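Just so it is clear, the model here is predicted, and its values are computed rather than measured. Basis for what follows: all heavy atoms, side chains included, without hydrogens, waters or symmetry-related copies.
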Amino acid sequence: MARKKSAPDFEQSLAELQTLVERLESGELSLEDSLATFEQGIRLTRECQDALAQAEQKVQILLERDGALQEAPFDTDEPV
């Protein structure tokens, strides 16, 4: 299955979002530029959320066995 080349990948969108946040936090943008940057950040956030939701759906499909979803624990506590 071929991936769409027109849609930016998650990592690229996340890096761009981080750059926008840094620009906003710098306090050097005009109000108009800040609003435009914020609007772009909202768009990128939604794209990232959509990508994560799609990934979650793919994981659920992959975990499906015999027509029933088999839940598997996801341990987020990493040893320090």
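Between Asp9 and Gln12, some side-chain heavy-atom pair lies under the 4.5 Å cut-off.
Leu35 shares a hydrophobic cluster with Leu31; the chain of contacts runs through ILVMFWY side chains whose heavy atoms sit under 4.5 Å apart.
In this structure, Phe10 and Leu52 approach most closely via the heavy-atom pair CE1-CG, 3.7 Å. The two residues Ser34 and Leu24 make their nearest non-hydrogen contact at O-CD2, 3.6 Å.
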*asked:* For Glu39 and Arg43: C-alpha separation, side-chain torsions, deciding distance, then whether salt bridge (charged side-chain N to carboxylate O under 4.0 Å, His left out) applies.
replied: CA-CA 6 Å; Glu39 184 176 353; Arg43 181 185 54 79; over 6 Å; no
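With sequence neighbours excluded, the residues forming a side chain to side chain contact (heavy atoms under 4.5 Å, CB included) with Gln49 are Thr45, Arg46, listed by chain and number. By the side-chain hydrogen bond (donor to acceptor under 3.5 Å, both in side chains) test, Asp33 pairs with Ser30, sequence neighbours left out. In terms of the side chain to side chain contact (heavy atoms under 4.5 Å, CB included) criterion, residue partners of Ser26 (sequence neighbours excluded) are, by chain and number, Glu28.
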Show me the side-chain donor-acceptor pairs of residues 14-23 shorter than 3.5 Å, one per line, residues at least two apart or across chains.
| from | atom 1 | to | atom 2 | distance (Å) |
| --- | --- | --- | --- | --- |
| Glu16 | OE2 | Gln40 | NE2 | 2.9 |
| Thr19 | OG1 | Ala15 | O | 3.1 |

